[in-house]
Amino acid sequence: MTTQTPTALPLAGRSALITGAARRVGARIASALHAAGASVTIHYHRSKGEADALAASLNAARPGSAQTVQADLLETAKLAGLVEATTRTFGRLDILVNNASTFYPTPIGEITEAHWNDLLGSNLKAPLFLSQAAYAALKLSNGLIINIVDIHGMRPLRRYQVYGVAKAGLIMLTKSLARELGPHVRVNGIAPGPVMWPEDGGDDAALQHKIIDRTLLKRPGSADDIARTAVFFATEAPYITGQIIAVDGGRSVGW
């Protein structure tokens, strides 16, 4: 009987563009896709130092396999430049990860139009227009779009009305794009639960304990759990599109 040896680097020869990839979840996704063999474009807005450091570490492991690109994703006219930077350097685009996000509370009575434009812009408008800009390149490679959504796009989070609306829209965008861009491009979403606490207000130990206790696994996840799911979509799921996977320890089941 002949056995087949799994490919050591299943994404060798492929390239990925990850938004908001200088730090936190985005950086782990970029690192995981790179470890699977992909060349990566690390998008950042203001975190230049961290983006450059990540690219340097990835290039030390595999020369010429990572680059950084700066952009304000709310400037939609510049989004095509992210795609062009990727195809110019790596010759193709196979995976787009819409990870960049803005997250903060907007209690009723305090919501402004600026809040709406910012939260809908980063969480919904930018993924739509960047996906549109990337479609031609992704079609050539039979590529993949991964949107980082949120379990609170399906279940509301108190005081985060505008953020929840934006992520709910991104969930629908994921399904709509899967329908529009198939059969050439797959589109899926990952909905994190308690995998990384917000940097503002994330030190509330009592609230963290309450959230973790409401998961079925009774423990927090990690950014690596999200990154592994992204690699799964990119390497092991060629017949999955239009789907949202909740990586939340069962939080959305035991709400």
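Every value quoted in this text rests on a predicted model; they were computed, and no experiment measured them.
- Hydrophobic clustering (ILVMFWY, side-chain heavy atoms < 4.5 Å, transitive): L120 and L79 are in one cluster.
- Remark: V165 engages W116 in a side chain to side chain contact (heavy atoms under 4.5 Å, CB included) (not counting sequence neighbours).
- In terms of hydrophobic clustering, with Ile, Leu, Val, Met, Phe, Trp and Tyr side chains grouped at heavy-atom distances under 4.5 Å, Y135 and F90 are assigned to different clusters.
- Between L170 and N123, the closest side-chain pair of non-hydrogen atoms is not below 4.5 Å.
- In R219, the CZ atom is not crowded: 12 or fewer heavy atoms of neighbouring residues, nucleotides or ligands sit closer than 6.0 Å.
- Residues L93 and A134 come closest through the heavy atom pair CD2-CB, 3.9 Å.
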Side-chain polar contacts of residues 49-58 - donor-acceptor pairs under 3.5 angstrom, sequence neighbours left out - could you list them?
from	atom 1	to	atom 2	distance (Å)
E50	OE2	R23	NE	3.4
D52	OD1	T68	OG1	3.4
D52	OD2	K48	NZ	3.0
S57	OG	L54	O	2.7

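- Looking only at side-chain heavy atoms (C-beta outward), R92 and L140 stay at 4.5 Å or farther from each other.
- K210 has no carboxylate O lying under 4.0 Å from a charged side-chain N of D213, or vice versa, which leaves the two without a salt bridge.
- In this view, R186 and L144, N188, A237, T241 satisfy the side chain to side chain contact (heavy atoms under 4.5 Å, CB included) rule, not counting sequence neighbours.
- Between the side chain of T87 and the main chain of E84, a donor-acceptor pair closer than 3.5 Å is present.
- Partners of R158 under the side chain to side chain contact (heavy atoms under 4.5 Å, CB included) rule, at least two apart in sequence or in another chain, do not exist in this structure.
- Nearest heavy atom pair, residue M154 against residue I171, reads CG-CD1, 3.5 Å.
- Listed here is the closest heavy atom pair of V40 and A30: CG1-O, 3.8 Å.
- For the side-chain hydrogen bond (donor to acceptor under 3.5 Å, both in side chains) condition, the pairs that include at least one residue of residues 168-177, sequence neighbours left out, are N147-T174.
- For P105 against Y160, the heavy-atom pair with the smallest separation is N-CE2, 3.2 Å.
- The closest side-chain donor-acceptor pair between H115 and T112 falls under 3.5 angstrom.
- Judged purely by distance below 3.5 Å, without hydrogens or angles, the side chains of N99 and T19 never pair a donor atom with an acceptor atom.
- Shown here for I148 and P192, the closest heavy-atom pair between the two residues is CG2-CG, 3.9 Å.
- Aromatic ring orientation, Y163 versus F103: perpendicular (interplanar angle above 60°, classes split at 30° and 60°).
- Contact check for L11 versus I95: side-chain heavy atoms found under the 4.5 Å cut-off.
- G193 approaches D248 most closely through the heavy-atom pair CA-CB, 3.5 Å.
- For the atom pair L96 CG and L130 CG, the distance stands at 4.5 Å (nearest 0.5 Å).
- Not counting sequence neighbours, the partners of S122 by the side chain to side chain contact (heavy atoms under 4.5 Å, CB included) test are T102.
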